[in-house]
Each structure stands twice: as structure tokens, then as C-alpha cells.
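Right, one structure below, let's go through it.
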Amino acid sequence: MKKTNMSADAGRAGTLSFVHAADLHLDSPFTGISGIDPELGERLAKATFQAYEAVIKLCMDEEVDFLLIAGDIYDSADKSLYAQVKFIEGLRRLETAGIQVFICHGNHDPLDGWSASLTWPENVHIMSGDRAEVVEFNKEGETAAVIVGMSYPTQHIMKNLVKNFPRKDDNWPFTIGLLHCSVGSNPEHDPYAPCTLQDLRELNYDYWALGHIHTPSIVCKEDPVVIYPGNPQGRHPGETGARGCFVVDVSSVGDTSTRFIETDSVRWHIREISIEGLEKEGELIERLQSQLDDIREKSGGRSAICRFILKGRGPLHYILRQEGFLEDLLRLLREGENWSRQFIWIERIENETLFPVERELLLKREDFVGDLVKIVEGLKTDEKARNEFREFLSPLFFSSRNGRKYIARIDNEEMNSLLQRAENILLDALLTEEDNEN
């Protein structure tokens, strides 16, 4: 099997250190944003590049030996020229610092996608798409690590690529698998290059640097260490919380320690706020403003995009359902944001509040209202009824090509939320205030 040697003088003597990143999605648009101010749009367009810059800076500050990127550098196979140039500029900075880079491509940036004719720095090795490559990393005149990786030749890879990887040779030092794949099942991501944890264990590697799952997670802590670093920058409300990459240190005897480092410049937040105990609009504004102050205080200086979901029962429900009220509330809370270095933007306010009446009483009613609530309750709690309902909705997701472009898969939690909102709309139309008081 052909082996490629890459060496470097950077890093700490007697140890091995590297940064593991994935899913940069450079030039990816922020989705789910409505009513964007032009200045805000410009700030968000830079977010994925700022996160990438943070990864490059981290490599240099930590003086690591190399950087691993496990796929999806770009957001699509037809990546923009701007994104390609910016990506290579970062790699050249690492070349100047004597830091190597090992890359495998994934489903968003397969090898058969368009690429501009640009000169790659000599410190970069891109894994082949027709086999698993074995690359030796030399340090201080000796082989300090072996990286085994494979890129996606085309976008839709549904076979287990781990089966192409060789088992660790007895003479190999610390061995790393580099791959964009799905370990086990994850309903939030398509099962590209699916494999099992046992598949990874059987090869006897020391570390698996994976990509594809956007939520940072340590799949396995030892024998081997298996990590998804997640994406360096969250891009929509489904990617809340800290985003970043991992710094990995390997001692002279092979002990591995990992640190998650945050790299996002804009962070998504979804907060549920109860209206219970509130009677006036001013009280609601104060509660929402308090949430904004809390986010700002705990943000670590980074900007934030928030989605507020109003829940609970109370008299404010009648005010919230008035036409134009939520739009006015949103405009009021957004007012005054100047897009300084740190901004807090409210993406939307969702009203999932309920009538100030016990729902259990509605379930007992022997009329149309009672039947309606019973039907919704059945869809939320009865698995057979839920499956029949999903079957009824399936043409939206599978039969219509246009529908698939714009409608994401609905999990059980989101389905319950949608059902409850539908019930609220119908009850708003059917019930009078006198009904709710009884």
C-alpha cells in the first residue's frame, strides 16, 4: 500500500498535538432568518469565515503539529471562488507556521465538484476518493503518527467506507482515522457512509476524526477515541449552543487528552418563556428584555440570534393572538440594535400560549370542541394514530420534488408543537371568552 510522508518541525517535543475540525460549510447562508436588516445580513455572511479564522488562529496559538478537517469544507459541490480563496489563504498561514493539514472531503464538497484552478500549499494533503490512503507524519526524524483517510468521490455515498480502511499495523505509531460518515443512527442527518462503532473498533486505531454530525460529541472516550467536533459555526435554529473544534494532545506513551474550543462568532439561542402569572403587556416586555440581558451577559462577547417561544396559560393569550401584536412586539425589542461588535437579534417570537382554562376540562366536553381536542390528543399520544397521520402527510416530503426542497423532516417533538399550535388556532375560532371561563 502506497504511503505518503509528511513532516514538520512545529509542535511540542516528545508529544503529538493536533486540531480536529469538520463541517466548516464556508459561505453557507444563515437559514430561518426573516426581516433581516442589510447590515445584519452582511455580518452573518461573514460568520462561517470568522469561525474558520478562529480555527486557524487556534492551530497557531497552540503550536500544534497538524490540522485535521473531516469533510464539508464548503456548503455545496459548486463552491464559490471566494470561499476557495479564503480557505487556501488560511492554509498558507499554517504553512508559514510549519503546521501540516490533512483533509478528507464529504457529501457537501465531493471530489467531483467544481474547483477553481488554484495552487495548494505544500503543507496540505487531500485524501484520495478511490481508496483509503495511509499517510505518515514525521516529527524529529521519526514517524510520530499515521493518518488513514478517504474522501467522497461523489456526493451520495451510502456504503460503509470504513470497510476500505486497513487494520492498524503492529509497527504503526499513534493511528488516526479521518472520515466523513454516520456512526450509528442519527435522525437529524442523512446516513452517508454509515458504519457502527464496532466497525471502528475492529481496526484498532487510536483516534477517529469524524465529520458530518454538526453537534459536538464524544462518541467514545477510549479504545478508540471517537469524536465529532461539530461545525465551527451554527447556521440555523437547529444548531444552538456552543460550536467549535477539538484540540487533541497525545503523550509520549500514547495517552490522549481532548479539549473542546469554541470558535463561533454568532450563537443561536431558543428560549421558552411562560406567560403564567403575567397580566399586562408591560410585564411580558420586561420578561423578554430580561432574557435578552441574560443572553448578552453570558455570551462571552459573541453575538447572538434568539428565538423566543411563548408558552403557558394566561390572560395574555388573548392579547398575543391579536393581529399585528407579535410583529409590533418584535419591532420594539429589535429597536436600537446598532450591529456593533456584539449584537443580539431576535429572529422571531412564536406564540404557543394556551387559553386560561384547564385542557382536561375540554377533553371531557361532549361536543365538537371536545372531539377536536380528543383528536389532537390522540395524534400526540397514540403511536398508531401518529403513524397514520404521517402517512397522510408523506406526499409533501416524498412525492413532491418541490416540497422536499423547502420542508425538513418533522420529528416527534416538532410534530407535537405543530399539532398544539393547530389546536390553538381552531380553539381561538371556536371558543368565546365565556367558554374559557367555564
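The closest side-chain heavy-atom distance from L284 to L329 is below 4.5 Å. You'll find the side chain of I176 reaches within 4.5 Å of the side chain of F174, heavy atoms only. Taking the side chain as every heavy atom from C-beta outward, E62 and R259 approach each other to under 4.5 Å. Counting heavy atoms from C-beta outward, F308 and L292 have side chains that approach closer than 4.5 Å. A heavy-atom distance below 4.5 Å is found between the side chains of I126 and W120. Residues C306 and I295 meet the side-chain proximity criterion, which asks for heavy atoms closer than 4.5 Å. Counting heavy atoms from C-beta on, the side chains of V146 and P173 come closer than 4.5 Å. For the pair F18 and Y207, the minimum side-chain heavy-atom distance is below 4.5 Å.
Between the side chains of H108 and Y74, no donor-acceptor pair is found at a separation under 3.5 Å. Using a 3.5 Å distance cut-off with no hydrogens or angles, the side chains of Q420 and N424 do pair a donor with an acceptor. Between T196 and D199, the side chains place a donor N or O and an acceptor N or O closer than 3.5 Å (distance only, hydrogens not considered). A donor-acceptor contact under 3.5 angstrom links the side chains of S299 and Q342, judged on distance only. Residues H125 and E133 bring a donor and an acceptor atom of their side chains to less than 3.5 Å of each other.
The 12-atom threshold is not exceeded at CD of E383, counting heavy atoms of other residues, nucleotides or ligands nearer than 6.0 Å. Counting heavy-atom neighbours within 6.0 Å of E42 CD, excluding the residue itself, gives a total of 12 or less.
Ring geometry for F87 versus Y52: interplanar angle of 30 to 60°, hence tilted. Relative orientation of the F66 and F137 rings is perpendicular, given thresholds of 30° and 60° on the angle between their planes.
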Under the salt bridge (charged side-chain N to carboxylate O under 4.0 Å, His left out) criterion, do D27 and K86 qualify, and how do the steps go? CA-CA 10 Å; D27 224 6; K86 287 298 181 181; over 6 Å; no

Between D169 and T175, is a side chain to side chain contact (heavy atoms under 4.5 Å, CB included) present by the stated rule, with each step listed? CA-CA 9 Å; D169 191 280; T175 301; over 6 Å; no

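Between E53 and R93, at least one side-chain nitrogen of the basic residue sits less than 4.0 Å from a carboxylate oxygen of the acidic one, meeting the salt-bridge criterion. With respect to the salt-bridge test (charged N to carboxylate O, under 4.0 angstrom), the residues R296 and D293 do not qualify.
H180 contributes a side-chain N or O that, together with a main-chain N or O of A70, makes up a donor-acceptor pair within less than 3.5 Å. Listed for the S182 side chain is no donor-acceptor partner under 3.5 Å among the backbone atoms of P194. A donor-acceptor pair is defined here as one N or O able to donate and one able to accept, closer than 3.5 Å; such a pair exists between the side chain of R167 and the backbone of E202. No donor-acceptor pair under 3.5 Å is formed between the side chain of T263 and the backbone N or O of A54.
Here E423 pairs with R359 under the salt bridge (charged side-chain N to carboxylate O under 4.0 Å, His left out) rule; sequence neighbours left out.
Each of Y228, Y192, Y152 was scored for a ring-ring contact (aromatic ring centres under 6.0 Å, His included) with H212, with one residue passing: Y192.
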